[in-house]
Amino acid sequence: MKFQVEVLKSKIHRVSVTQSNLNYVGSITIDEDLMDAANMIEGEKVQILDNNNGERFETYIIKGERGSGCICLNGAAARRVAVGDVVIIVSYAMMDFEDAKKFRPWVIFPDTETNKLVK
């Protein structure tokens, strides 16, 4: 019998929300540098974990300006966070159980104040 399991694929650990835009269709805008480093793509479903208020919700990614440090919650998600909140952004993938045992996710730790990659 083959099992499929959902595992952590990518994680952007502790970035600051720089903007919120209630009057947008929806989603989270993420600096393209952060997306690349975490192996995330535009349109990918992500879970947002707000360290300041405990909110946890799902949305999808929109590509933000490269190098901008942008983390912007749009639409209804804008009501779940405040500018300045520190969030964790995670995505998951389904994979074969045996493959999952060997898989290592992409996890990045940007500077929380600037949302820039730390070298």
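Any value given below was found using the heavy atoms of this structure, including those in side chains, with hydrogens, waters and symmetry copies removed. Not measured: the values here are computed from a predicted model.
For the side chain to side chain contact (heavy atoms under 4.5 Å, CB included) test, residues two or more places apart in sequence or in another chain that qualify with Val83 are Ser20. Shown here are the side chain to side chain contact (heavy atoms under 4.5 Å, CB included) partners of Arg79, two or more places apart in sequence or in another chain: Leu22.
With contacts defined as side-chain heavy-atom distances shorter than 4.5 Å, the pair Ile89/Ile71 qualifies. Taking 4.5 Å as the limit, some side-chain heavy atom of Ile88 sits within range of a side-chain heavy atom of Asn51. Within the 4.5 Å cutoff, the side chain of Asn115 has heavy atoms near those of the Ser16 side chain. Residues Trp106 and Lys9 meet the side-chain proximity criterion, which asks for heavy atoms closer than 4.5 Å. Annotation: side chain of Met95 is in contact with side chain of Val7 (closest heavy-atom distance under 4.5 Å). Looking at Asp96 and Gln4, their side chains come closer than 4.5 Å, going by heavy atoms from C-beta outward.
Hydrophobic clustering of Ile, Leu, Val, Met, Phe, Trp and Tyr side chains at less than 4.5 Å, counting indirect connections, keeps Ile28 apart from Val25. Criterion: ILVMFWY side-chain heavy atoms under 4.5 Å apart, direct or through other members. Under it, Leu8 and Leu34 are not part of a common hydrophobic cluster. Under the 4.5 Å side-chain heavy-atom criterion for grouping Ile, Leu, Val, Met, Phe, Trp and Tyr, Ile61 is not connected to Tyr24 through any hydrophobic cluster.
The CD1 atom of Ile12 sits 8.5 Å away from atom CD1 of Ile48, with the distance rounded to the nearest 0.5 Å.
Glu44 and Asn39 make their closest contact through OE1-O, 4.2 Å (heavy atoms, listed as atom of the first residue, atom of the second, distance). Across Ile62 and Met35, no two heavy atoms sit closer than the pair O-SD, 4.3 Å. Pairing each heavy atom of Lys11 with each of Val90, the nearest pair is CG-CG1, 3.7 Å. What you find for Ala77 and Phe57 is that their closest heavy atoms are CB-CE1, 3.5 Å. Pro110 and His13 get closest at one heavy-atom pair: CD-O, 3.5 Å. The two residues Val81 and Val17 have their closest heavy-atom pair at CG2-CG1, 4.2 Å.
In terms of modelled atom types and a separation under 3.5 Å, the side chain of Ser91 and the main chain of Lys45 share no donor-acceptor contact. Looking only at distances, a side-chain donor or acceptor of Asn52 sits under 3.5 Å from a matching main-chain atom of Val86.
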